[in-house]
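This report concerns only the one structure given below.
Order of appearance sets the numbers: ligands from 1, and atoms from 1 within every ligand. Residue numbers run from 1 in the order of the sequence given.
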Amino acid sequence: MSGDVVLDVRDLRVSFSVRRAGRKYRVQAVDGASLSVVEGEVLGIVGESGCGKTTVGRSIVGLARPDSGAIRFKGADLIGAGGATLREMRLNVRMVFQDPYASLNPRRVIGDSVAEAGDINGMFGSRAERSAAIAATLTAVGLDPSFATRYPYELSGGQRQRAGIARAILPTPSVVIADEPVSALDVSVQAQVLNLMMDLREQLKLSMVFISHDLGVIGQISNRVAVMYMGRIVEQAGTRTVLDGPLHPYTRSLVAAIPRPDPSRRIVAAIEASEPPSQFARPRGCAYAARCPIASDRCLADVPQLRPAAEDGRLVACHNV
Ligand SMILES: Nc1ncnc2c1ncn2[C@@H]1O[C@H](COP(=O)(O)OP(=O)(O)OP(=O)(O)O)[C@@H](O)[C@H]1O
Ligand SMILES: [Mg+2]
């Protein structure tokens, strides 16, 4: 997919200080991740639990503080930015959380949560204008405007996530970061909420980052995919390219794990019996080497960089493909 890059993340590093058995450790949650989002596309980020997906999303919207790297929105670097640039970015790049409770204040009515970004930025000229904007936004996500005066506990899980989405689209942003937005919902409402997000994306011309641990879901809705492993992106390419011909050994194992109706289409990959290495004791070279069926000596010493691997714009971080 070609077009203007709306969001660009370069060499992002984010660490957390944690206490364990009375000692302080640093957890390197994101360890040099790079990715870009083209205007109008859905970029999927996929990877197993703990690989740093949420931390990347939270860094982009300013909820986690990066140690280093660059996060650019339409060319302007946000790390260290202030004033008008930062304000514009915060309004233009919004997040939908896995757990809608995380974004809805239990003590505030839905209308106040939905209007919060507009309130902070003095967007509404009058109370009537504010109420009209809340009502229109609730309607857009399939909720009756009367939900404005209800509290989060009065809503079902699906309704709460709709309210969480409403909160992210007033005022209309350029980019929505959706962090496992349907994982916490009943299977019966997952498809409805997913369809709503896809409809809104089209109507509001949003670009989207869609985070999931499920490559099957990502495959259905993303134009491109970034595969993440232990804090780094190991492969980024068009969704079909990745699903039909994964190159990185980790991507190959993810693709092989997707249930497919036709067994002849399954990609044979090494069965992984081992656990990923600990975030507290990171290996020196490629973080995947210990589980990798094609690792060589070099993989134990050098971290492979994300580099173009084909004419089609695919990027891969592996010494051996
Ligand atoms: N606030 C925090 N304090 C300490 N450690 C954290 C914090 N947030 C994340 N981590 C750690 O950073 C690493 C990456 O976490 P993150 O939540 O970004 O992963 P994830 O890919 O979103 O996982 P999941 O699929 O389970 O949501 C994990 O080891 C996690 O324990
Ligand atoms: Mg997460």
Side-chain angles (χ1 to χ4, degrees), residues 7 9 11-35 37 42-69 71 79 93-103 157 161 164-165 168 175-185 190 193-194 197 208-219 221-222 225-236 242 248 250-251 253-254 257-258 272 274-283 287-288 290-291 306 317:
L7 187 69
V9 174
D11 296 323
L12 186 71
R13 287 195 160 73
V14 189
S15 60
F16 296 103
S17 174
V18 292
R19 278 195 172 279
R20 222 192 197 191
R23 284 189 58 188
K24 264 189 154 179
Y25 292 85
R26 283 206 87 72
V27 176
Q28 195 70 45
V30 181
D31 192 23
S34 298
L35 56 89
V37 183
V42 180
L43 174 74
I45 302 182
V46 67
E48 66 204 314
S49 184
C51 73
K53 305 180 295 295
T54 295
T55 306
V56 168
R58 291 175 61 88
S59 303
I60 293 170
V61 298
L63 292 172
R65 184 190 290 270
D67 301 331
S68 62
I71 299 175
I79 300 182
V93 185
R94 312 279 281 281
M95 190 149 174
V96 175
F97 298 86
Q98 171 172 0
D99 175 4
Y101 267 125
S103 63
Q161 193 55 299
I165 294 167
V175 184
V176 168
I177 316 276
D179 186 8
E180 311 244 14
V182 300
S183 308
L185 303 177
Q190 283 187 354
V193 173
L194 218 48
M197 295 197 73
M208 198 176 278
V209 175
F210 192 97
I211 296 171
S212 177
H213 59 269
D214 185 342
L215 193 52
V217 172
I218 294 259
I221 65 160
S222 312
V225 188
V227 180
M228 194 160 182
Y229 187 78
M230 278 195 80
R232 296 175 73 87
I233 304 300
V234 297
E235 184 157 3
Q236 178 173 308
V242 168
H248 194 283
Y250 176 60
T251 317
S253 75
L254 286 182
I258 302 174
E272 291 174 352
S274 55
E275 284 287 301
S278 161
Q279 308 258 5
F280 294 98
R282 301 178 64 83
Y288 191 62
R291 300 165 91 185
L306 199 57

(request) Might you point out which heavy atoms bring V61 and M95 nearest each other, and give the distance in Å? (result) CG2-SD, 3.7 Å
(request) Answer yes or no as to whether an N/O/S atom of T55 is found below 2.8 Å from the Mg ion (ligand 2). (result) no
(message) With a 3.5 Å distance limit and no angle check, can you tell me whether Q98 reaches the backbone of D179 through a side-chain donor-acceptor pair?
(response) no
(request) Closest by any non-hydrogen atom to atom 16 (P) of ligand 1: pick that one out of D179, T55, D31, V30. (result) T55
(request) Measure across Q236 and S34 and return the closest heavy-atom pair with its distance rounded to 0.1 Å. (result) OE1-O, 4.2 Å
(message) Test your reading of the structure: does G50 have an N or O sitting under 3.5 Å from an N or O of ligand 1?
(response) yes
(message) Tell me whether ligand 1 is touched by G47 - counting only heavy atoms on the residue side and a distance under 4.0 Å.
(response) no
(request) Could you list the atoms of ligand 1 found under 4.0 angstrom from a heavy atom of T54? (result) 17 (O), 18 (O), 20 (P), 22 (O), 27 (O)
(message) I need the contact type for H213 against ligand 1. Using non-hydrogen atoms and a strict under-4.0 Å cut-off, is it side chain, backbone, both or neither?
(response) neither
(message) Could you tell me if R23 sits above the aromatic ring of Y25, with its cationic atom closer than 6.0 Å to the ring centre and no more than 45 degrees from the axis?
(response) yes
(request) Within a distance under 4.0 Å of any heavy atom of V18, pick out the atoms of ligand 1 and give their elements. (result) 4 (C), 5 (N)
(request) Quick one: do S15 and R26 satisfy side chain to side chain donor-acceptor pair (under 3.5 Å)? Show the steps, please. (result) CA-CA 6 Å; S15 60; R26 283 206 87 72; 3.0 Å; yes
(request) Looking only at distances, please establish whether an N/O atom of ligand 1 is found under 3.5 Å from an N/O atom of G52. (result) yes
(message) Measuring from atom NZ of K53 to atom NE2 of H213, what distance do you get when rounded to the nearest 0.5 angstrom?
(response) 7.5 Å
(request) Look at the side chain of E180 and the backbone N and O of F97, then say whether any donor-acceptor pair between them is shorter than 3.5 Å. (result) no
(request) Looking only at distances, please establish whether an N/O atom of ligand 1 is found under 3.5 Å from an N/O atom of S49. (result) yes
